[in-house]
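Below is one structure; the comments refer to it alone.
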Amino acid sequence: VELAADGELFGHIRATLARMSVGFVIGSVLGLIVGLAMGWSKEIRAAVDPFVSVIYPLPKIALLPLIMLLVGIGEGPIILVIALGAFFPVLVNSIAGVMSIDPIYFDVARNCGASRYKTFTRVMLPGSLPMVLAGLRLALGLSLLLAVVVELSIATKGLGAMLWLAWETLRVERIYVAVAVIAALALLLNPLLSFAGRRLTPWL
C-alpha cells in the first residue's frame, strides 16, 4: 500500500510493461513476417532455417553481454533481448501454421484465379492464425519473463530491478510485492490475448 501510495510501485510497473510491450511487438511482428514467408516458400525456409536452428536454442539472456557490446547500455539491449525472446515462438508457430494448411485450399485458390495477395489474405493468413495466436501467447509470457530477468541484471527501474534491490537490502516485504505484481500481470495479460484470439478467429 505504501509503495502504491507514493507512486514507486506504479513507476516500476510502467517501466517493465513499456519494455515488455515494445520488445514483444517488435519480435512478434518480425517473427510473423519471417515465419509466414518460411512457411510459404521452400527456398526461403532452406535459406533461413540454419540460422534459426543455431540461434533458437541459445538462452536469450546469455546473449545480453554481446548485445550490450554491440548496441551499448540503456534501454536498447533490454528491448532487444525481449524482442529476440518473442521472435522465435511466433516464428516457429507461424511456420507450423502455414504448413498445416491442407494443400487443397491453395489448389482451389489457384484454380479460381486468386492472386498471391488474395491467396495470402484469404487462405494462408486465416488458416495459420490459430497457430500464430498460440505462438503469440507463448511470446507474451516469455516477454514478461525476459523483461524481469534482464532488469535484475542491468536496470535501475522496473519490477526486476525492484526485486533485486529488495534482496540486496533484505527488504523481504518488497520481494513479496514484486513477485505478487509479476504474477498478477501474467494473469491479466493472458486473458487479454485470449480475448483478442476469440475475436480474430470466431470460427473456432
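The first residue in the sequence is number 1, and the count goes up from there.
Closest non-hydrogen pair, Ala147 versus Met20, comes out as CB-CB, 4.3 Å. In this structure, Ala139 and Ser28 approach most closely via the heavy-atom pair CB-OG, 4.3 Å. Nearest heavy-atom pair across Ala62 and Pro65 is O-CD, 3.4 Å. Considering all non-hydrogen atoms of both residues, Ser153 and Leu64 come closest at CB-CD2, 4.2 Å. Here the closest non-hydrogen pair linking Asn93 and Gly135 is ND2-N, 3.3 Å. The minimum heavy-atom distance linking Gly76 with Val71 is given by the pair C-CG2, 4.4 Å.
In this structure, Ser21 contributes its side chain and Ala18 its backbone to no donor-acceptor pair below 3.5 Å. Within the 3.5 Å criterion, the main-chain N or O of Ala37 finds no donor-acceptor partner in the side chain of Ser41. Side-chain atoms of Glu8 never come within 3.5 Å of backbone atoms of Leu3 as a donor-acceptor pair (strictly under, hydrogens ignored). Formation of a donor-acceptor pair under 3.5 Å by the Ser128 side chain with backbone atoms of Leu125 is found in this model. Panel note: side chain Lys42, backbone Met38; no donor-acceptor pair is recorded below 3.5 Å.
Within a 6.0 Å sphere centred on CZ of Phe106, other residues, nucleotides and ligands contribute more than 12 heavy atoms. Within 6.0 Å of CD in Glu168 there are more than 12 heavy atoms belonging to other residues, nucleotides or ligands. More than 12 heavy atoms of other residues, nucleotides or ligands sit less than 6.0 Å from atom CG of Leu188. Under a cut-off of 6.0 angstrom, the local environment of CD1 in Ile73 is sparse, with at most 12 non-hydrogen atoms contributed by other residues, nucleotides or ligands. Enclosure of atom CZ in Arg45 by more than 12 non-hydrogen atoms of other residues, nucleotides or ligands within 6.0 angstrom is indicated.
By the criterion of side-chain heavy atoms lying less than 4.5 angstrom apart, applied directly or through intervening Ile, Leu, Val, Met, Phe, Trp or Tyr residues, Val179 is not grouped with Val148; the two fall into different hydrophobic clusters. The hydrophobic cluster containing Leu133 also contains Val90, counting ILVMFWY residues as joined when their side-chain heavy atoms lie under 4.5 angstrom apart, directly or transitively.
Note: Arg19 CZ to Thr16 OG1 = 6.5 Å, rounded to the nearest 0.5 Å. Expressed to the nearest 0.5 Å, how far CG of Leu142 lies from CZ of Phe88 amounts to 11.0 Å. To the nearest 0.5 Å, the span separating CG on Leu163 from OH on Tyr176 amounts to 12.0 Å. Between the CD1 atom of Ile79 and the CG atom of Leu146 there is a distance of 13.0 Å, given to the nearest 0.5 Å. Going from atom OG1 of Thr169 over to atom CG of Leu165 covers 5.0 Å, rounded to the nearest 0.5 Å. Atom CG of Leu84 sits about 10.0 Å away from atom CG of Leu58, to the nearest 0.5 Å.
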